[in-house]
Protein chains: 2
Amino acid sequence: MNAPSFSISHLKVACSNCNLRELCLPVGLSLADIEKLEELVATRKRVKRGESLFRAGDRFESLYAVRLGFLKSTVMSSDGREQVTGFHMAGELVGLDGISSETHSCDTVALEDTEVCVIPYERLEEVAAAVPMLRNHFHKVMSREIVREHGVMLLLGSMHAEERLAAFLLNLSQRFEARGYSRTEFVLRMTRAEIGSFLGLKLETVSRVLSRFAQDGLIEVNQKHVRIVNPDGLRAIVSGQAPACER
Amino acid sequence: MNAPSFSISHLKVACSNCNLRELCLPVGLSLADIEKLEELVATRKRVKRGESLFRAGDRFESLYAVRLGFLKSTVMSSDGREQVTGFHMAGELVGLDGISSETHSCDTVALEDTEVCVIPYERLEEVAAAVPMLRNHFHKVMSREIVREHGVMLLLGSMHAEERLAAFLLNLSQRFEARGYSRTEFVLRMTRAEIGSFLGLKLETVSRVLSRFAQDGLIEVNQKHVRIVNPDGLRAIVSGQAPACER
DNA sequence: CGCTATGTTGAATAAGATCAAAGGCGGTGG
DNA sequence: CCACCGCCTTTGATCTTATTCAACATAGCG
């Protein structure tokens, strides 16, 4: 449905022609600098649905830029509890967790057939040293990830189930829109359990809240297909202006 | 109590003499490289208890390395809910959130009188480009922050109140130990409400759980003073081996 | 076409929140 | 130096929300 029309016209990696260059690492780079980046990003990798791009404990060697597809990252506690820490879509950079200890600390798994550009980290460090804009942008990407996680902490630490779900749907909506897809209609690539894990809720709660949203005319849900009918209503819920007791 | 004996013998910043150099940015640098870092870190700044180092919306100009003291960072949602995103102690780098948008996205406030080294970011970028070890270490610091936040997400998303508190106490213990203080006895610089905000709990719950831990002989609490009596007991709680129903 | 995954819904339960009251500590100013 | 005030903390009683347990529905896959 929302998958972009698949047409890689050349096998060689070419950031300069990539339709994600405005979202991905090349942002703000000159053509000359993009060429240096292209030398770096030599290979692509396909990950089938259900397979993992890397696992916790794997040696860290590369970052990955999502070209196509959808992934989740999860961390596992010593006693086996799993927490989804994020969902990743085209143009996003994954693997940043591995830099700190040279070992990945989370699992990253494709939720649909996915293709990533492989960015060998050692070479990225070298190129970043020589290309100020790239260095700067790379730092911004890492910082943005920190800020994003602050937002998730706010959500997990101080929001109710309905607020979390509403925020989640609006966030997806906005990210789809930024990629040229519909912001009102999209397919959830993840299961209710995965949404629940990410939001700190049980899958039954996710299902119930989605049903309630649908009943209140905020969204339409049909399995994984979601249509946002009343985005302002969702926004009102996120900002606490419509607590459950008022409806 | 646990404050280090205060003796700054020279006013000039000198990473090479700083007792935090094994925790802070200079980690792994040669003496020559540390000197380059010292040129960069020209000034210090004092922040009195209750004052803020920076606020959300402030223009981002510098990172700060905590030399002495204790701070918290908080994010605020549009409707005024506040979430503590972290507590910072000596040797830790704060302000990383500002890089992404050149504007700080959280407030960082001193919980006791604090002194930080000011690291002008533009100059850090230049020096990092020229000093591979520093660049590498800086990237690791950012990545470590991302990994830390994954841990907090796991805690907020999938742990019970007792598990959260136990994990929190053990984390503080370990950080104090790394700084040469006692790992079994320390002073909480933050209020119960701040602990609660960080852990996604209400202050009453924090208080109750601490009382229960004390009753079970895991810790001794006297206001802000905490003594860890049975760290293995706390670890057992964190790893879910001692759910409330079993005690 | 049947099976397993995933999703929905209901009823009972439990964990933590909320409301309320009282005690203690520290800082300030007389 | 002491008394007072405000903030922080503790503890109890009650209530709400989300979880748990369970049954059933549906869909996609082999």
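Below, read A as the first sequence line, B as the second, and so on, with proteins coming before strands; counting in each chain starts at 1.
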Rounded to whole Å, CD of B:Glu204 lies from P of D:dT14 at a distance of 17 Å
Using residues 47-57 of chain A as the side-chain source, report each donor-acceptor pair under 3.5 Å to any protein atom, sequence neighbours left out, with the distance given to one decimal.
residue, atom, partner, partner atom, Å
A:Glu51, OE1, A:Lys48, N, 3.2
A:Ser52, OG, A:Arg55, NE, 3.4

B:His225 atom NE2 is separated from C:dC25 atom P, nearest whole Å, by 14 Å
The salt bridge (Lys or Arg N to Asp or Glu O under 4.0 Å) partners of B:Arg192 (sequence neighbours excluded) come to none
B:Arg212 atom CZ is separated from D:dT11 atom P, nearest whole Å, by 11 Å
ask   = For C:dA17, does either OP1 or OP2 sit under 4.0 Å from a side-chain N or O belonging to B:Thr205?
value = yes
Whole-Å distance, B:Leu203 CG to D:dC8 C1', equals 9 Å
Under 3.5 Å between N/O atoms: give me all the protein pairs with nucleotides 23-29 of chain D, atom names plus distance.
none

Look at all strands and tell whether A:Gly196 reaches a base, only sugar-phosphate, or nothing, counting heavy atoms closer than 4.0 Å. nothing
- Query: Do NZ/NE/NH1/NH2 and the carboxylate oxygens of A:Glu92 and A:Arg179 come within less than 4.0 Å?
  - Reply: yes
Q.
At less than 4.0 Å, is any side-chain N or O atom of A:Arg208 found next to OP1 or OP2 of D:dA18? Yes or no.
A. no
D:dA23 glycosidic conformation (syn if within 90° of 0, otherwise anti) is anti
Those residues at least two apart in sequence (or on a different chain) that pass salt bridge (Lys or Arg N to Asp or Glu O under 4.0 Å) with A:Glu82 are none
(message) Taking the basic N atoms (NZ, or NE/NH1/NH2) and the acidic carboxylate oxygens, is any pair closer than 4.0 Å for B:Glu162 and B:Arg208?
(response) no
Q. Do A:Thr108 and A:Ser73 have a side chain donor and acceptor closer than 3.5 Å?
A. yes
A:Glu194 CD to C:dA5 C1', in whole Å, measures 12 Å
Only residue of A:Lys224, A:Arg189, A:Lys72, A:Arg46 satisfying salt bridge (charged side-chain N to carboxylate O under 4.0 Å, His left out) with A:Glu112 is A:Arg189
To the nearest angstrom, the NZ-P distance between A:Lys202 and D:dA22 comes to 16 Å
_Is there a side-chain contact between B:Arg192 and the phosphate of D:dC8, meaning an N or O under 4.0 Å from OP1 or OP2?_
no
Taken in chain and number order and not counting sequence neighbours, the residues that satisfy ring-ring contact (aromatic ring centres under 6.0 Å, His included) with A:Phe60 are A:His104, A:Tyr121
Between CE of A:Met159 and C1' of D:dT16 the distance, given in whole Å, is 19 Å
In short, the helix from C:dT6-D:dA25 to C:dG30-D:dC1 is bent end to end, axes from five pairs each side, to 10°, by 50°
note: A:Ile195, atom CD1; C:dT6, atom C1'; distance rounded to Å ~ 12 Å
At 4.0 Å (heavy atoms only), tell me whether B:Leu201 reaches a base, stays on the sugar-phosphate, or touches nothing. sugar-phosphate
Winner on side-chain proximity to A:Ala161, out of D:dA18, C:dG16, D:dC8, is D:dA18
Going by atom types only, do B:Glu149 and A:His150 share a side-chain donor-acceptor pair under 3.5 Å? yes
>> Tell me whether the side-chain N/O atoms of A:Lys224 come closer than 4.0 Å to OP1 or OP2 in C:dG7.
In response: yes
* Using a cut-off of 4.0 Å on non-hydrogen atoms, how would the nucleic acid contact of A:Thr191 be classed: base, sugar-phosphate, or nothing? -> sugar-phosphate
Rounded to the nearest 0.5 angstrom, the CZ-CG distance for A:Arg183 and A:Leu170 is 11.0 Å
